[in-house]
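The sequence lines fix the lettering, A, B, ..., with proteins before strands; numbering per chain opens at 1.
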There are 2 protein chains.
Amino acid sequence: MGQESQHGHGTASGEQVPAGRRVNAPADTGTATPTLNSIARALGVSRQTVSNVLNSPERVAEPTRSAVRGEIERVGYRPSAAARQLRTRRSRLLGFRMQDTTDGINGSILDRLLHALTARAHECGYALLVFAADGEAAEIAAYEDLRATNALDGFLLTSTNHGDRRADWLLEHDIPFVCFGRPWGRIDAATTRDHDWIDIDGRAGTDAATRLLAEDGARRIGFMGWPEGSGAGDDRFDGYVTAMEDLGHVPDLVDRVEDSFENGQGAAERLVAAGADALVCVSDSLALGAIARMRALGRHDVMDRVVGFDDTPIARAVGISSVDQPVEQAARRMVDLLIHRIEHPGASPASDPTDLLTPVVHRRRAT
Amino acid sequence: MGQESQHGHGTASGEQVPAGRRVNAPADTGTATPTLNSIARALGVSRQTVSNVLNSPERVAEPTRSAVRGEIERVGYRPSAAARQLRTRRSRLLGFRMQDTTDGINGSILDRLLHALTARAHECGYALLVFAADGEAAEIAAYEDLRATNALDGFLLTSTNHGDRRADWLLEHDIPFVCFGRPWGRIDAATTRDHDWIDIDGRAGTDAATRLLAEDGARRIGFMGWPEGSGAGDDRFDGYVTAMEDLGHVPDLVDRVEDSFENGQGAAERLVAAGADALVCVSDSLALGAIARMRALGRHDVMDRVVGFDDTPIARAVGISSVDQPVEQAARRMVDLLIHRIEHPGASPASDPTDLLTPVVHRRRAT
DNA sequence: TTGTAGGCGTTATCAA
DNA sequence: TTGATAACGCCTACAA
């Protein structure tokens, strides 16, 4: 194997430093960064063999293989993502867009998601690239740019809405992606192809919340939700309705408002005035508002019968019962789906609409 | 200029597709990805000229320049980050570690920071790579790995503590970074070199909070803080002490506990038992706990005189006065410092200890 | 002002 | 089983 003997045309390529060149040598610390070449040379094998040890170990004979591995370990070699990317057209990078405005309380679930996505991606050998973009158009522009320049392998989308054009664009351009949230608008639309997504069973969440209150003796359970038209909001409303009907109650105490603490106060007041003795809320902001107003009105009976949604830190701290979305599980599934799609192009979408993640209600008592 | 005429040794490099090769051609959509080469060829100029138009436009004559620009625009050319990175050793990527555990309420300020950092980096032509790592050792290992494989240009550190070894490691390895938080432990330590950081004047925050309460007629103002030993906590304590002394009061109503809602309840109860008629808190969790307990005890007088810290969404919603850290400003400065350091190695640290960002107190009334 | 040459570190193909 | 060769797209130095 001719240890150390430079064979062939003089020195191996990349080693002739025509004295006086020394381009951008980064503050020559004595030890140059190890590369496939340097390892190959040290061992007297070809750099292709070293590459094979990394990518198709079975094609390399045992003695060689362990020798190479030893050297790699010894010098702390790390393959260069740039070079690999240049060659393979893959970056092992996943894109995640930061919401332009975190409205705080509810936004916290997105942050939880981001944490979980990062962790899972890491386990799979991928990393997350986060970017900012205001509005749908800007977001699409960002996809285009990041895909072209940074070769992102795929994107993780959140809060998909009716008439969302991001998914269409990505489909058209054959870029892998997964959505957190069902394709509300497009489902059943024969003209559009399907795509990967995961979702949480909001309906099951409000259903469980409603039953929990019923168990506590509530009869006139009210619902505080978002205006009709948002997929998740309507879904959660359905859960309330079916649970109520199933329990033999009439789901007629309903107040649908934009999400905010203040609106929660107002809606709660109206609902109790109409006779509600308990409240199911589609968010913790609304629940928090409801509790505050109930307290102000001296309705401690109702205060103890409010259930929020998302199980935000505030709910935990203040002691509000809340529906907890299995975000970590969702993140794992999103990443796995996306990576599968990336590594097996051609495969058909793996999501099954019946396969929603089930949230769990935490029962608490306000402090 | 011989449009379209291939001059020199046959076709330009990279264009000979020895029929039957067609390696990984990604689903040949008819239009190949534009490159410097393809643009140069289309225009009959050399690829170097195109590169120059991008990187040193002044070296290219006008007619050529605009022709090139037109073509770039027309075909939607984007330089490949991988190729550029391979060549320049720079990725235009900044690293940000996700906290392993977001303890929720207070963690929200980190999320706000991340949003702001992302936005600012984007404006500067950089992107953020987020990664997960549990514990100091793992974080350092992540630096090493990301630096070696992904060529991250620098790192944005948060929550630096006493005896933090991350900064030491990064300094040793000459990797650019900035910290959110003063180098508490190492400041004045002659043995360690200095580094870039920014910080917020916590002392000014509690000072302002204390004065705000005094304006409202409070005399026996209590302080709810963290146990001695944390830089930020001690800093905030100092603000309270100096303000009180300056106002002619004695800063003797002090309770220092670990940060949590529950501890906030306990501390508040002890302090009012000792005679406090107002409370300055170093976090919104503590403030929230304080308010809850005051309400339970019927001390509405004190309830209206609680100031929190961080101005989290909950504080805004519930109506707690709170000290708002100028996070967006901090983020801008962090990114700018880091990028400066990256693009001008050798320059000395730019942070000036006297140059802290000043928070502002928002006055609110609980709902 | 523009063009030529060479190489950054990796992988794919094919020949030995 | 291993090695030689040729790109991937870009940038820097130098020559014309």
Roughly, in whole Å, what's the span from [atom1] in [X] to [atom2] in [N]?
X	N	atom1	atom2	value
B/N37	C/dT4	CG	P	12 Å
A/Q48	D/dT5	CD	C1'	10 Å
A/L86	D/dC11	CG	C1'	13 Å
A/R90	C/dT11	CZ	P	12 Å
A/R92	C/dT10	CZ	P	15 Å
A/I39	D/dT2	CD1	P	16 Å
B/R41	C/dG3	CZ	C1'	16 Å
B/Q85	D/dC10	CD	P	13 Å

Side-chain heavy atoms of A/Q329 within contact of A/R332, under 4.5 Å: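 In short, these two side chains do not touch, never coming nearer than 4.5 Å.
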Among [options], find the nucleotide with the atom closest to the side chain of [X].
X	options	value
B/V60	C/dT2, C/dG3, C/dT10	C/dT2
B/T64	D/dC10, C/dT2, C/dT11	C/dT2
A/R87	D/dC11, D/dT2, C/dA12	C/dA12
B/T35	C/dT11, D/dC10, C/dT4	D/dC10
B/P79	D/dC10, D/dG3, C/dT2	D/dC10
B/T88	D/dC11, C/dT4, D/dA4	D/dC11

Below 3.5 Å, does any donor atom in the side chain of A/R59 face an acceptor in the base of D/dG3, or the other way round?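 Such a pair does not exist between side chain and base.
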Measure distances between side-chain N and O atoms of A/R84 and base N and O atoms of C/dT11, and say whether any donor-acceptor pair falls under 3.5 Å.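 Answer no: no donor N or O sits under 3.5 Å from an acceptor.
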Has B/R97 got its NZ or CZ under 6.0 Å from the middle of the six-membered ring of B/F131, at an angle within 45 degrees of the ring axis?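 Relative to the ring axis of B/F131, which defines the angle, B/R97 lies outside at least one limit.
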Distance, nearest 0.5 Å, that separates CD of B/Q85 from OG of B/S80: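 If we round to the nearest 0.5 Å, B/Q85:CD and B/S80:OG are 9.0 Å apart.
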Taking it one step at a time, do B/E144 and B/R147 satisfy salt bridge (Lys or Arg N to Asp or Glu O under 4.0 Å)? CA-CA 5 Å; B/E144 187 160 21; B/R147 177 72 169 179; over 6 Å; no
Sugar-phosphate only, base, or nothing, as touched by A/N52 at under 4.0 Å among non-hydrogen atoms: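 Since no nucleic acid heavy atom lies under 4.0 Å of A/N52, the category is nothing.
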Short side-chain to backbone donor-acceptor contact, B/T118 and B/L114, under 3.5 Å: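 Yes, B/T118 side chain to B/L114 backbone: donor-acceptor pair under 3.5 Å.
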